[in-house]
> 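Questions regarding the structure given below will be posed in turn.
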Amino acid sequence: MKNVGRNRGCVVTGVAGFVGSHLAEKLLSLGHRVVGIDNFFSGYPENMASFKDHPAFTFYDTSIAEEGLLEWISGRHSGLSYCFHLAAIVSVPYSMDHEEETTKINYDATLKLLQSAEKLRFSRLVFAGSAAEYGNDQRLPLLETYADEKTRHLSPYGQAKFMASRAVASNPIGVALRFFNIYGPRQDPRSPYSGVISRFLDMALANKVLTIFGDGHQARDFVYVSDVVEAYIRAAGLNDTGPSVPNGVYNVGTGKSTTILELAETIKDLTGNALPLNFCRERPGDIRFSLASVDAFSGAAHWVPRISLRAGLRETLHWVRRDSV
Ligand SMILES: NC(=O)c1ccc[n+]([C@@H]2O[C@H](COP(=O)([O-])OP(=O)(O)OC[C@H]3O[C@@H](n4cnc5c(N)ncnc54)[C@H](O)[C@@H]3O)[C@@H](O)[C@H]2O)c1
């Protein structure tokens with residue numbers, strides 16, 4: 001058993017976002033210090049409500065694209081050695097209309113952070129990659145090696161994430177985690193681009209009909225946010241048990257496929273929404289099936305997703321309900 005100790009200095013970019021806020025909360029609860037960065041492009045101050053006054057937390061409202069950002073922060077906070085880089089333009093449709101900006105934030109800024117982290121002798125930079133890096137590859141389950149030069153990316157978002165993951169994974173301090181569909185409390189239901197789970201929960205609770213694009217047999221790999229946070233902790237080597245993860249790129253999903261129809265029925269069941277489903281025309285460009293092979297990360301990190309879809313949905317539902325009171 002290794003003993004990583006407490007009081008490690010961590011930088012979390014995208015800390016006001018859905019996943020970043022959960023990660024910061026966990027790192028603080030483990031006794032580490034967290035410097036959070038966000039410019040509220042798609043995040044919210046209220047996501048940080050539970051830890052914003054924690055004595056081991058400092059927040060900077062700034063963009064990751066700022067020149068010399070990590071050097072500047074390291075000059076103010078001693079002993080920073082882990083960078084969890086989650087800040088990004090996360091909306092695929094937005095990236096279609098803003099290609100240059102997406103490349104600047106999701107790729108260029110990542111490269112700069114990586115170079116700075118290496119120069120400053122950080123132990124690790126863990127990057128938030130995405131299943132979008134696979135384009136519409138239908139060889140399922142998706143292996144990490146399937147995303148390569150020949151992959152036809154469907155958006156500037158996918159393209160930039162792929163380039164950034166590749167750069168991170170080839171650096172000795174870098175681990176890129178390719179996340180599939182993450183869900184859980186604090187996922188933004190207000191965003192027009194929010195994931196299917198937050199949209200369905202919102203509609204179901206408002207006693208509205210759930211609309212499915214296509215026949216509902218399209219499938220996704222949904223992974224609960226606490227399992228994602230555990231993956232981050234292990235990728236950084238901040239866990240007391242389990243091996244150190246070699247640098248590289250790893251899928252993070254559940255390895256289980258859920259159809260949109262199953263998802264809708266489970267949400268109807270949990271919310272008591274008895275209205276019939278509404279089916280409308282498939283959206284052009286939608287990926288039919290997505291499923292992760294999680295063998296590489298499970299093997300390297302001894303990580304297993306623990307939260308079932310039903311349990312995760314129940315937790316998310318509690319949060320949505322509490323939020324709407
Ligand atoms: N949620 C998912 O299903 C999913 C799946 C795959 C990958 N990811 C990746 O995980 C990461 C976190 O996603 P999320 O779902 O928490 O999204 P989110 O929008 O809630 O979080 C992203 C955060 O980054 C911040 N940000 C954006 N541009 C910034 C900039 N220039 N400078 C500083 N901060 C900036 C936003 O304000 C936001 O708080 C992202 O990199 C995303 O691409 C998420």
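Remember, it's 1-based here, ligands and their atoms both numbered in the order they're listed.
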> State, with a plain yes or no, whether a side-chain heavy atom of V196 is found less than 4.5 Å away from one of F222.
yes
> Look at the rings of F180 and Y134 and say which category their plane angle falls in: under 30° parallel, 30 to 60° tilted, over 60° perpendicular.
tilted
> Assess R234 against Y250: is NZ or CZ under 6.0 Å from the centre of the six-membered ring, and within 45 degrees of the ring's axis?
no
> Could you find the nearest protein heavy atom to atom 7 (C) of ligand 1 and give me its residue, atom name and distance?
G129 O, 3.2 Å
> Would you say ligand 1 has an N or O under 3.5 Å from any N or O of N181?
no
> So do the side chains of E100 and P156 get within less than 4.5 Å of each other, counting heavy atoms only?
no
> What residue and atom, counting heavy atoms only, is the protein's closest point to atom 14 (P) of ligand 1, and at what distance?
V19 CG2, 4.1 Å
> Would I89 count as being in polar contact with ligand 1, using the rule that some N or O on each side must be under 3.5 angstrom apart?
no
> With a 4.0 Å cut-off on heavy atoms, is K161 in contact with ligand 1?
yes
> For ligand 1, which is the ligand I care about here, please tell me if G17 has any N or O atom under 3.5 Å from one of the ligand's N or O atoms.
yes
> Please work out which of A160, A128, G253 has its closest non-hydrogen atom nearest to atom 9 (C) of ligand 1.
A128
> Under a 4.5 Å cut-off applied to non-hydrogen side-chain atoms, are F122 and L80 in contact?
yes
> Look at E46 together with R186 and state whether they make a salt bridge at an N to O cut-off of under 4.0 Å.
no
> Got a sec, which residues hit side chain to side chain donor-acceptor pair (under 3.5 Å) with T102, two or more places apart in sequence or on another chain?
none
> For atom 30 (C) of ligand 1, grab the closest protein heavy atom and report residue, atom and distance to one decimal in Å.
N39 ND2, 3.3 Å
> If we only count N/O pairs under 3.5 Å, is I182 in contact with ligand 1?
yes
> Which part of T62 is near ligand 1, with near meaning a heavy atom under 4.0 Å away: side chain, backbone, both or neither?
backbone
> Does the ring center of F41 lie less than 6.0 Å from the ring center of Y94?
yes
> Using 4.0 Å as the upper bound for N to carboxylate O, is an ion pair formed by R166 and E133?
no
> Using a strict cut-off of 4.0 Å, indicate which atoms of ligand 1 neighbour a heavy atom of F180.
3 (O), 5 (C), 6 (C)
> List the steps, then state whether side-chain contact (heavy atoms from CB on, under 4.5 Å) holds for I233 with L30.
CA-CA 10 Å; I233 301 288; L30 291 173; 3.9 Å; yes
> Do any N/O atoms on F18 end up under 3.5 angstrom from N/O atoms on ligand 1?
yes
> Is there a side-chain contact between L309 and L263, using heavy atoms and a 4.5 Å cut-off?
yes
> What about the rings of Y82 and Y232, do their centers lie closer together than 6.0 Å?
no
> With a 4.0 Å cut-off on heavy atoms, is G195 touching ligand 1?
no
> Test of understanding: given a 4.0 Å heavy-atom threshold, classify the contact between R178 and ligand 1 as side chain, backbone, both, or neither.
neither
> Within a distance under 4.0 Å of any heavy atom of I105, pick out the atoms of ligand 1 and give their elements.
31 (N)
> How far is atom 39 (O) of ligand 1 from the closest protein heavy atom, and which atom is that?
D38 OD2, 2.6 Å
> Return the residue, atom name and 0.1 Å-rounded distance of the protein heavy atom closest to atom 19 (O) of ligand 1.
S42 OG, 2.6 Å
> Among all the protein's non-hydrogen atoms, which is closest to atom 6 (C) of ligand 1, and how far away is it?
F179 O, 3.3 Å
> Check the angle between the aromatic planes of F40 and F59 and answer parallel, tilted or perpendicular using the 30° and 60° thresholds.
tilted
> Are any of the side-chain nitrogens in R6 or D240 under 4.0 Å away from the carboxylate oxygens of its partner?
yes
> Identify, by atom number and element, the atoms of ligand 1 in contact range of A16, meaning under 4.0 Å from any of its heavy atoms.
39 (O)
> Are Y183 and ligand 1 in contact, using a heavy-atom cut-off of under 4.0 Å?
no
> Would you call the rings of F18 and H22 parallel, tilted or perpendicular, where under 30° means parallel and over 60° means perpendicular?
perpendicular
> Give the residue, atom name and distance (to 0.1 Å) of the protein heavy atom nearest atom 8 (N) of ligand 1.
Y157 OH, 3.9 Å
> At less than 4.0 angstrom from any non-hydrogen atom of F40, what atoms of ligand 1 do you find?
37 (O)
> Counting heavy atoms only, name the option from V225, V90, T110 that's nearest to atom 17 (O) of ligand 1.
V90
> Based purely on interatomic distance, does S130 place a nitrogen or oxygen under 3.5 Å from a nitrogen or oxygen of ligand 1?
no
> Look only at interatomic distance and state if A87 has a nitrogen or oxygen under 3.5 Å from any nitrogen or oxygen of ligand 1.
no
> Does F41 reach ligand 1 with a nitrogen or oxygen that is under 3.5 Å from one of the ligand's nitrogen or oxygen atoms?
yes
> Is NZ or CZ of R139 both nearer than 6.0 Å to the six-membered ring centre of Y146 and within 45° of the ring axis?
yes
> Please state whether the rings of H85 and F127 are parallel, tilted or perpendicular, taking 30° and 60° as the class boundaries.
tilted
> Below the 3.5 angstrom mark, is there an N/O of Y44, backbone or side chain, next to an N/O of ligand 1?
no
> Determine, considering heavy atoms only, which of L69, L86, D188, I64 sits nearest to atom 40 (C) of ligand 1.
L86
> Considering the heavy atoms of G43, write down every atom of ligand 1 situated less than 4.0 Å from one of them.
36 (C), 37 (O), 38 (C), 39 (O)
> Considering non-hydrogen atoms of the protein only, which is the closest contact for atom 31 (N) of ligand 1, and what is the distance?
S63 OG, 3.1 Å
